[in-house]
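What follows is one structure encoded as structure tokens, with my remarks underneath.
The chains referred to below are lettered A, B, ... by the order of the sequence lines, with proteins before strands, and numbering in each begins at 1.
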2 protein chains.
Amino acid sequence: MTIDPHSHTPVYVQLANLLREQIETGELRPGSALPSEARLTQEHGVGREAVRMAVALLRSEGLVKTVRGHGSYIRQTPERRQVELVPGASVVARMPSGKERRAMQLDEGVPVLEVRDPRGGVEVLAADEVELTRPA
Amino acid sequence: MTIDPHSHTPVYVQLANLLREQIETGELRPGSALPSEARLTQEHGVGREAVRMAVALLRSEGLVKTVRGHGSYIRQTPERRQVELVPGASVVARMPSGKERRAMQLDEGVPVLEVRDPRGGVEVLAADEVELTRPA
DNA sequence: GTCGATTTGTTCGTATGTATG
DNA sequence: GCATACATACGAACAAATCGA
């Protein structure tokens, strides 16, 4: 697929869709680097701003992680450990606050799970590390 | 706090941190508008791209919603309806794909909950609308 | 340790389109 | 129609971080 500058969908969204597909199909593997901004601008014939917005979009989706002066990398989600939801507990999912993201060293685009146990205790978990379960 | 162009943390991240704090402390109230891009560039002495990326970051965190031709507004989270997790079910939280966000009409920065029931059925829920519970 | 190549961060200028009031 | 404000897009330039020779 190529990019159509005259489409009603923004160029940067088209590029993000293209890269997302390459990630989801495994054409770009977890841990490997995205092509540099310069390469992406050349190969797709778009401006650098479109490239940067496309990468920012993928970052906000938790698909890639960008390191300044180095590159953008496909995030690999760690094994999800199973966490049992105790009786009487409740959970909400949301994006972390700035403090939480720094304290928990979360990458961009990683939600948190706020687990409230029946006694009022609250626990905040990185959403990409856990799978909540209710045993049968 | 002011912004340090020579800091190792990107200017747009510093600005986002600054605005995020104003939101979290209630200095900027839900429903109210952020200062315009022009005001933010002037008042903080940063470039337009920095302002736009900062706002985009807050948007990706679900803190603000931008209305084209009008401004950016502090998001207010809707009521959460309680959803009971059936026995044998499991849940993961993640950011939605582009398709999902369009299909479910999710604002940016809203995670989804992927609920898998014991028979293999999968349900995707907007995370800002639900609170998962396991009854006592 | 220094240098240079690569890559992302930041700013500015410019332009067009779209939505609101 | 007009003014304001955000959205998209390209080009150019320099700064800063990283890495390897």
Side-chain angles (χ1 to χ4, degrees), chain A residues 2-19 28 31-61 63-75 98 107-109, chain B residues 1-19 28 31-75 98 101-102 105-109:
Chain A
T2 62
I3 285 175
D4 176 15
H6 303 95
S7 168
H8 58 287
T9 56
V11 171
Y12 78 93
V13 175
Q14 293 182 56
L15 179 54
N17 290 342
L18 205 151
L19 293 172
L28 290 173
S32 70
L34 244 61
S36 71
E37 293 180 352
R39 283 195 67 82
L40 290 174
T41 58
Q42 292 167 11
E43 294 184 356
H44 297 96
V46 299
R48 190 184 173 196
E49 185 171 357
V51 169
R52 287 182 60 76
M53 289 188 69
V55 175
L57 194 51
L58 298 178
R59 221 174 18 239
S60 79
E61 294 173 2
L63 290 179
V64 309
K65 174 191 175 97
T66 298
V67 182
R68 179 178 183 162
H70 198 183
S72 292
Y73 296 83
I74 319 293
R75 282 193 70 233
D107 288 340
E108 270 188 61
Chain B
M1 257 304 276
T2 63
I3 286 174
D4 176 14
H6 304 96
S7 167
H8 58 286
T9 58
V11 171
Y12 78 93
V13 175
Q14 293 184 56
L15 178 55
N17 290 343
L18 204 151
L19 293 172
L28 289 173
S32 70
L34 246 61
S36 72
E37 292 182 352
R39 282 195 68 81
L40 290 175
T41 58
Q42 291 166 13
E43 293 182 357
H44 298 96
V46 300
R48 192 215 318 154
E49 293 307 311
V51 170
R52 291 182 56 73
M53 290 187 70
V55 175
L57 193 50
L58 297 178
R59 214 165 37 231
S60 80
E61 294 171 1
L63 288 180
V64 310
K65 176 192 174 89
T66 299
V67 181
R68 184 179 183 148
H70 197 184
S72 292
Y73 295 85
I74 319 295
R75 277 190 79 227
R101 206 174 52 228
R102 283 189 293 277
Q105 295 185 308
L106 299 173
D107 286 341
E108 275 186 58

| remark: Correct closest heavy-atom pair for B:Ala54 and B:Tyr12 would be CB-O, 3.4 Å

| task | Check every strand shown and say whether A:Thr66 touches a base, only sugar-phosphate, or nothing at a heavy-atom separation below 4.0 Å. | result | sugar-phosphate

| Are any of the side-chain nitrogens in B:Arg101 or A:Glu61 under 4.0 Å away from the carboxylate oxygens of its partner? | yes

| query | Whole-Å distance between C:dT11 P and B:His44 NE2? | reply | 13 Å

| query | Between the two end axes of the helix from C:dT2-D:dA21 to C:dG21-D:dC2, each built from 5 base pairs, what angle do you get to the nearest 10°? | reply | 20°

| Nucleotide C:dT6, atom P - distance to CG of A:Leu34 in whole Å | 19 Å

| Rounding to a whole Å, what distance do you find between A:Gln42:CD and C:dT6:C1'? | 13 Å

| note | Smallest heavy-atom separation, A:Thr41 atom then A:Ala38 atom, equals OG1-O, 2.6 Å

What are the atom names and distances for every N/O pair under 3.5 Å that joins the protein to nucleotides 9-12 of chain D?
{"unit_1": "D:dA9", "atom_1": "OP1", "unit_2": "A:Val11", "atom_2": "N", "d": "2.4"}
{"unit_1": "D:dA9", "atom_1": "OP2", "unit_2": "A:Val11", "atom_2": "N", "d": "3.1"}
{"unit_1": "D:dA9", "atom_1": "OP2", "unit_2": "A:Tyr12", "atom_2": "N", "d": "3.3"}
{"unit_1": "D:dA9", "atom_1": "N7", "unit_2": "A:Glu49", "atom_2": "OE1", "d": "3.1"}
{"unit_1": "D:dA9", "atom_1": "N6", "unit_2": "B:Arg48", "atom_2": "NH1", "d": "3.2"}
{"unit_1": "D:dC10", "atom_1": "OP2", "unit_2": "A:Gly47", "atom_2": "N", "d": "2.8"}
{"unit_1": "D:dC10", "atom_1": "O5'", "unit_2": "A:Gly47", "atom_2": "N", "d": "3.4"}
{"unit_1": "D:dC10", "atom_1": "N4", "unit_2": "A:Glu49", "atom_2": "OE1", "d": "2.8"}

| query | Between atom CG of A:Leu15 and atom CD1 of A:Ile3, what is the distance when rounded to the nearest 0.5 Å? | reply | 4.5 Å

Between the protein and nucleotides 19-21 of chain C, which nitrogen or oxygen pairs come in under 3.5 angstrom?
none

| field | Distance-minimising heavy-atom pair for A:Leu40 and A:Pro35 | value | CD1-O, 3.6 Å

| query | Could you state the CZ-P distance from B:Arg52 to C:dT10, rounded to the nearest angstrom? | reply | 15 Å

| Side-chain donor/acceptor of A:Gln14 to backbone N/O of A:Thr9, under 3.5 Å | yes

